[in-house]
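What follows is a set of notes on a single structure, which appears directly below.
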Amino acid sequence: MQSADPPRIPLIDVRSPGEYHHGHIPGAINIPLFDNEERKTVGILYKQKGRESAIAKGLEIVGPKADGFIRQAKELNSGSKLMVHCWRGGMRSESMAWLWSTTGFDVTVLEGGYKAYRQNVLSDFGKPLKLIILGGKTGSGKTAILHALAQEGEQVIDLEGLACHKGSAFGAIGQLPQPTVEQFENDLHQALGKLDAERHIWIEDESHSIGRVYIPQLFYDQMKSAPVHVIEIPLEARVTRLMEEYAGAPKDQLVEALMKIQKRLGGNDVKKAISALDAGDYKTGAEIALHYYDKAYTHGLMQKSPKLIYKLEQGGDNPRATAIQLINFYKND
């Protein structure tokens, strides 16, 4: 019988909740030494009166919290091992490591802290990868094809899934709040770290920004030089897919999205699309929106080298069949 994997040692981030929200190591647990206001207070003291005054204030704040810190560590039910970090692996993490070690925990401080981790994240995006880009006009089912590729055993990265956004003016509808840019980078780094860099990695064609987050520049540079497989399916099939995705969305959110592209779509077309939505005619609304997005995608595709573009014409919307065709294209590679 195969032995069970050893339990993962909890990684505890003792920075403030604000720092943690801005960006953290995926899977890290936030047990903050100071809350946001307390951190601000100690920082001001350090600048105005020096290190000793800041330390004295810090001890005053932390003292009453010590029992709570110990209880939180015990509630993790992880055995006796803990790993802890702050920004640089300095006073905050060392203080918490000392406290927990006095109550029986075997504590390791992450060398260099979160700062060293971030430096590693950003540099890793420059490591060469065998990327393949899945392209196609809006409604071509690219995300569904990505999932089908994954089901067939291929390596995929769902950038839109990580970004909680589908990339267009309508992209936030039905999605969770977007992560910060920094957290998106951390999550992407973690996802890439689970893959084999010697094998192909499929990703969807994206602009540099996905909603409010940005693809890391070094990674985006690799995307721009990767082969692009452009999926071409009939307009009617794309309209049907968009209707299925957005017909259940609140009408006010659809109208708000249309207003975001009003200047580029044209005032008359926006009025027609909103009138169609008011009448429950989502088909006409989708067709009008596609008119703009098709032109935008064609323009973006023209910026790529023709040598990198492979067009794959499909008779209908069949993600699994398309995925198998794409896999076969690289079967002997």
Side-chain angles (χ1 to χ4, degrees), residues 23 25-26 116-138 140-168 171 178-232 296-312 319 322-323 325-333:
I25 301 173
Y117 162 79
R118 280 290 297 168
Q119 290 170 341
N120 183 64
V121 165
L122 296 176
S123 65
D124 277 355
F125 287 128
K127 293 180 179 179
L129 298 168
K130 299 177 70 174
L131 301 180
I132 306 174
I133 309 299
L134 190 60
K137 295 176 180 177
T138 300
S140 298
K142 297 183 289 295
T143 300
I145 296 168
L146 272 185
H147 293 167
L149 285 165
Q151 290 172 357
E152 295 296 325
E154 294 294 301
Q155 297 190 132
V156 306
I157 292 290
D158 184 356
L159 291 172
E160 293 183 354
L162 292 173
C164 298
H165 199 284
K166 294 181 180 179
S168 71
Q178 284 199 271
T180 64
V181 174
E182 190 168 300
Q183 190 58 45
F184 172 72
E185 292 171 344
N186 294 348
D187 293 341
L188 174 58
H189 180 265
Q190 182 195 45
L192 288 169
K194 296 177 181 179
L195 304 182
D196 182 354
E198 297 302 315
R199 292 178 55 204
H200 291 124
I201 299 172
W202 297 83
I203 59 176
E204 190 171 336
D205 197 7
E206 302 287 351
S207 60
H208 199 177
S209 63
I210 308 175
R212 294 192 304 272
V213 305
Y214 289 85
I215 298 171
Q217 187 63 55
L218 292 176
F219 186 77
Y220 190 63
D221 289 341
Q222 294 198 59
M223 289 177 61
K224 290 190 292 184
S225 61
V228 183
H229 289 263
V230 180
I231 310 303
E232 297 184 338
Y297 184 76
T298 300
H299 175 75
L301 196 63
M302 290 173 64
Q303 311 308 308
K304 300 179 184 292
S305 169
K307 295 179 181 179
L308 295 174
I309 298 173
Y310 302 87
K311 294 188 177 181
L312 183 58
T322 303
Q325 283 184 263
L326 291 166
I327 292 169
N328 289 336
F329 187 90
Y330 288 96
K331 205 160 193 178
N332 298 319
D333 189 356

For the residue pair [X] and [Y], what are the closest heavy atoms and their distance?
| X | Y | result |
| --- | --- | --- |
| V156 | L195 | O-CD1, 4.2 Å |
| L188 | P216 | CD2-CD, 3.8 Å |
| E198 | K130 | O-CD, 3.3 Å |
| I210 | A163 | CG2-CB, 3.7 Å |

Hey, what do you get for [atom1] ([X]) to [atom2] ([Y]), rounding to the nearest 0.5 Å?
| X | Y | atom1 | atom2 | value |
| --- | --- | --- | --- | --- |
| Y117 | H189 | OH | NE2 | 6.5 Å |
| I201 | D196 | CD1 | CG | 8.0 Å |
| I157 | K194 | CD1 | NZ | 9.5 Å |
| F329 | L312 | CZ | CG | 9.5 Å |
| S207 | Q303 | OG | CD | 12.5 Å |
| Q325 | I145 | CD | CD1 | 9.5 Å |

If we only count heavy atoms from C-beta on, is the [X] to [Y] side-chain gap below 4.5 Å?
| X | Y | value |
| --- | --- | --- |
| I203 | L134 | no |
| I309 | L301 | yes |
| I133 | L308 | no |

Under the 3.5 angstrom rule, does the side chain of [X] hit a backbone N or O of [Y] as a donor-acceptor pair?
| X | Y | result |
| --- | --- | --- |
| D158 | G161 | yes |
| E152 | A148 | no |
| Q155 | A197 | no |
| E204 | K142 | no |
| T180 | Q183 | yes |

Distance-only donor-acceptor hits, side chain of residues 222-229, under 3.5 Å, sequence neighbours excluded:
residue: Q222; atom: OE1; partner: L129; partner atom: N; Å: 2.9
residue: Q222; atom: NE2; partner: F125; partner atom: O; Å: 3.1
residue: Q222; atom: NE2; partner: K127; partner atom: O; Å: 2.8
residue: S225; atom: OG; partner: Q222; partner atom: O; Å: 3.2
residue: H229; atom: NE2; partner: Y330; partner atom: OH; Å: 2.7

Going by the rule salt bridge (charged side-chain N to carboxylate O under 4.0 Å, His left out), which residues pair with K304 if we only count those two or more places apart in sequence or in a different chain? D205
Might you work through the side chain to side chain contact (heavy atoms under 4.5 Å, CB included) test for L149 and I327, ending with a clear yes or no? CA-CA 8 Å; L149 285 165; I327 292 169; 3.7 Å; yes
Do T138 and Y297 pass the side chain to side chain contact (heavy atoms under 4.5 Å, CB included) test, and can you show the C-alpha distance, the side-chain angles, and the key distance before you say yes or no? CA-CA 8 Å; T138 300; Y297 184 76; 5.9 Å; no
Assess whether a salt bridge exists between R118 and E185, defined as any Lys/Arg side-chain N lying under 4.0 Å from an Asp/Glu carboxylate O. yes
Distance-only polar pair, side chains of [X] and [Y], donor-acceptor under 3.5 Å:
| X | Y | value |
| --- | --- | --- |
| Q217 | D221 | yes |
| S140 | E232 | no |
| N186 | E182 | no |

Neighbour count above 12 (heavy atom, 6.0 Å) for Y220 OH: yes
CA sep, side-chain torsions, deciding dist, call: W202, L146, side chain to side chain contact (heavy atoms under 4.5 Å, CB included): CA-CA 7 Å; W202 297 83; L146 272 185; 3.9 Å; yes
Chi angles and distances behind the side chain to side chain contact (heavy atoms under 4.5 Å, CB included) call for V213, H165: CA-CA 9 Å; V213 305; H165 199 284; over 6 Å; no
